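Note that the coordinates shown come from a computational prediction; the quantities given were computed from them, not determined experimentally. Throughout, a chain's letter reflects where its sequence line sits, starting with A, and its residues are numbered from 1. Only this structure's heavy atoms are used, side chains among them; waters, hydrogens and symmetry mates stay out.
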There are 2 protein chains.
Amino acid sequence: MSQTDTKTRILDAAEHLFASDGFHSTSLRAITSQAQANLAAVNYHFGSKGALLQAVFERRLLPLNQIRRELLEQALSNARQQNTAPRTVDLLRAFIEPTLAFRQSEPGARDFITLVGRALVEPDPTVRDCFTALVTPLFQQLMAALRLALPQIPPGILQTRLQFTLGAMGHTMCMIGRPPLQFPDAPQPPSSAELVELLIRFVSSGLEAPC
Amino acid sequence: MSQTDTKTRILDAAEHLFASDGFHSTSLRAITSQAQANLAAVNYHFGSKGALLQAVFERRLLPLNQIRRELLEQALSNARQQNTAPRTVDLLRAFIEPTLAFRQSEPGARDFITLVGRALVEPDPTVRDCFTALVTPLFQQLMAALRLALPQIPPGILQTRLQFTLGAMGHTMCMIGRPPLQFPDAPQPPSSAELVELLIRFVSSGLEAPC
DNA sequence: ACATATTTAAAACGAACGTTTGAATTATGT
DNA sequence: ACATAATTCAAACGTTCGTTTTAAATATGT
C-alpha cells in the first residue's frame, strides 16, 4: 500500500474536481488522472461514478453532522438546565460554526464545503438526493430546536425562514474562497471567522424578526 | 412561419429543460425534440449551445432588469423628493417583487426563475459568466442605493450581507415550485406573494441589524 | 413567374463519456 | 515457497454528445 491508498487519493481528487467543475462536468478520467490511479479503479473501489459521489459526501458529512448534532443537543440541554428557551444564535452557531472549523482543519475540506453549498440546488436527483438524505434528519432537529427558541413565530413561517437561512448558508459556502464576482472593488474580504459571525448575525435577525 | 416560430419554440424548450435538468445534462436533441424542430436548428439560429443559453437569459433578463432598474430609481427619487434616506424595504421590493410578477405573467417564466437561481452557484464559467454579466450592473446599483439607506452599516459588512441576501433569494427562486424536500410535513406552503413578503422581511431584518 | 435568400431536414463526423473485460501484477495467508 | 485473493492495468465496448455538411423545401422580392 502506498502512503495514501488509491481509494483515498480518488476521494480527494473527486472532492476537489466535483467542487470546482461540478459533478457532470468532471470525468472519471480527470479524477483518476489527478489521483494517479487507473481509470478502472473508480468502478473497482466504488462501483460507479454516482457511488463515488456518495462516498465523497459520507466521508466528510457523517463526522461533521455528528459534531453538529452534539453541539445542538448541548445547547438544548444547557437551556433545559436553566429552565429557559434555547437562544436562536446558540442553535445557529451549533449548526454553522463546525463547518468553519472543519473547513480549516484540512486542505480538501475547502473544496468539500463548496460541493455541499452547490448540492442544495443541484438539478440532478442522483446528486441532490444522496446529499439531502444525509442532512435532512439533522435539519429537522434544528427546526424542532428553533421552534423552542422562537415559539412566537408560527411554524410555517419559521420553516420558510429556515429555507432562507439555508439559502444564505449554501450560497456563502459556495462562494467562499472564490474571486468576489459581484464586487471587484471589495474593500477587504472578511476572514472565515468573521464571515461566520456575520452570517449568524444576519440569519438570526431574519429568523427572529416579528411577524 | 408557424404560429410560434422555430426560434421561439427552441428558446421555450431550452428554458424549460435547462431549468429542470441543468445546462450540461440537457442535450440539444432533447431540446429540439420538445420544440419539434430539427437538431441542426439550434446551431443555425443561435450558433452553439452556449449561445442558446445566453439567448435564454437575455430574452427574460433584459426586460426584467429594466423594470427593476426603473423601480429602483423611482424609490430613490421618491426619497430624494422627501429629503429622506431611501427605505431598505422599498429598495428590496424594487429588486424582488418584479421577479414574482414576471413569474406569474407567463408559464415558462417559472422555469426561468429556477434557472436564474441556479446560475448563481453554477460551476461552469461559460454558464455563470454570461449570467453575471447581465445582472452585475444592476446589482451594483442596488448596493449603492442600500448604502444610502443604511449609512450606519460599514460598506464591507453591507456587501457581505448583500451576498447573504442574494443567496437567500437565489435559493428561494430555485426551490419555489418544487416539492419541499426538507420538510415533507409542511403545514401549508406559502403562496408566491406571501413568499416574497416573507423574503423581504427576512433579508431586510438581516441587512438592518445593528453591527 | 422566376431567381434568390432563408429555413428545414437527414445523415454523418469526431470526440468524450461511464463502464466492462481479461490479463498482469502485487499483496496476503499458511 | 506456494496458492489464493486483492489490486492494477491497458484496451476496448457501446452510447451520447455538440457540431458540421449537403441537399431539399419554403419563403421572399421583383
**Student:** May I ask you to evaluate whether B:Ser27 reaches the phosphate of D:dC17, defined as a side-chain N or O under 4.0 Å from OP1 or OP2?
**Tutor:** yes
**Student:** Using whole Å, what does the distance between atom P of nucleotide D:dC17 and atom CZ of B:Phe23 come to?
**Tutor:**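 Whole-Å distance recorded here is 13 Å.
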**Student:** Cation-pi check for A:Phe23 against A:Lys49: NZ or CZ below 6.0 Å from the six-membered ring centre and within 45 degrees of the axis, yes or no?
**Tutor:** yes
**Student:** Indicate yes or no: at least one non-hydrogen side-chain atom of A:Thr32 is less than 4.5 angstrom from one of A:Asn38.
**Tutor:** no
**Student:** Before accepting this row, confirm whether a basic side-chain N of the pair B:Glu122/A:Arg118 lies closer than 4.0 Å to the acidic partner's carboxylate O.
**Tutor:** no
**Student:** Looking at residues at least two apart in the chain, or sitting in another chain, which of them share a salt bridge (charged side-chain N to carboxylate O under 4.0 Å, His left out) with A:Asp124?
**Tutor:**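 Scan of A:Asp124 (salt bridge (charged side-chain N to carboxylate O under 4.0 Å, His left out), adjacent residues dropped) gives none.
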**Student:** Heavy atoms under 4.0 Å, any strand shown: does A:Ser25 hit a base, just sugar-phosphate, or nothing?
**Tutor:**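 Result for A:Ser25 = nothing.
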**Student:** Return each pair, listed once, that meets salt bridge (Lys or Arg N to Asp or Glu O under 4.0 Å) where at least one residue sits in residues 93-102 of chain B; pairs must be two or more places apart or across chains.
**Tutor:**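 Qualifying pairs: B:Arg93-B:Glu97, B:Arg93-B:Glu197.
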**Student:** Between B:Thr6 and C:dT7, does any side-chain N or O lie under 4.0 Å from OP1 or OP2?
**Tutor:** no
**Student:** Under 4.0 Å between a side-chain nitrogen and a carboxylate oxygen: does that hold for B:Glu73 and B:Arg68?
**Tutor:**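 A salt bridge is absent here (no side-chain N lies under 4.0 Å from a carboxylate O).
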**Student:** Check the angle between the aromatic planes of B:Phe131 and B:Phe57 and answer parallel, tilted or perpendicular using the 30° and 60° thresholds.
**Tutor:** tilted
**Student:** Any chance the rings of A:Phe112 and A:Phe18 have centres within less than 6.0 Å?
**Tutor:**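 That pair fails the under 6.0 Å test.
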**Student:** Any carboxylate oxygen within less than 4.0 angstrom of a Lys/Arg side-chain nitrogen, looking at B:Asp12 and B:Arg59?
**Tutor:**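 Here B:Asp12 pairs with B:Arg59 in a salt bridge, since their nearest N and O are under 4.0 Å apart.
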**Student:** Heavy atom of residues 42-55 of chain B under 4.0 Å from DNA chain C: which residues?
**Tutor:** B:Tyr44, B:His45
**Student:** Expressed as a whole number of angstroms, how long is the span from B:Ile10:CD1 to D:dT19:P?
**Tutor:**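 Rounded to the whole Å, the gap is 13 Å.
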**Student:** Could you work out how much the helix from C:dC2-D:dG29 to C:dT30-D:dA1 bends, comparing the axis of its first five pairs with that of its last five, to 10°?
**Tutor:**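 Comparing the first five pairs with the last five, the axes sit 20° apart.
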**Student:** Could you check if a side-chain atom of A:Pro98 sits within less than 4.5 angstrom of a side-chain atom of A:Leu71, using non-hydrogen atoms only?
**Tutor:** yes
**Student:** By salt bridge (charged side-chain N to carboxylate O under 4.0 Å, His left out), which residues pair with A:Asp90, not counting sequence neighbours?
**Tutor:**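 If we apply the salt bridge (charged side-chain N to carboxylate O under 4.0 Å, His left out) test to A:Asp90, skipping adjacent residues, the hits are A:Arg87.
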**Student:** Mind listing the residues from residues 28-40 of chain B sitting with a heavy atom below 4.0 Å of DNA chain D? Number order is fine.
**Tutor:**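 Of all residues in residues 28-40 of chain B, the ones placing a heavy atom under 4.0 Å from DNA chain D are B:Leu28, B:Arg29, B:Leu39, B:Ala40.
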**Student:** For A:Asp5 and C:dT26, what is the distance between atoms CG and P respectively, to the nearest whole Å?
**Tutor:** 18 Å
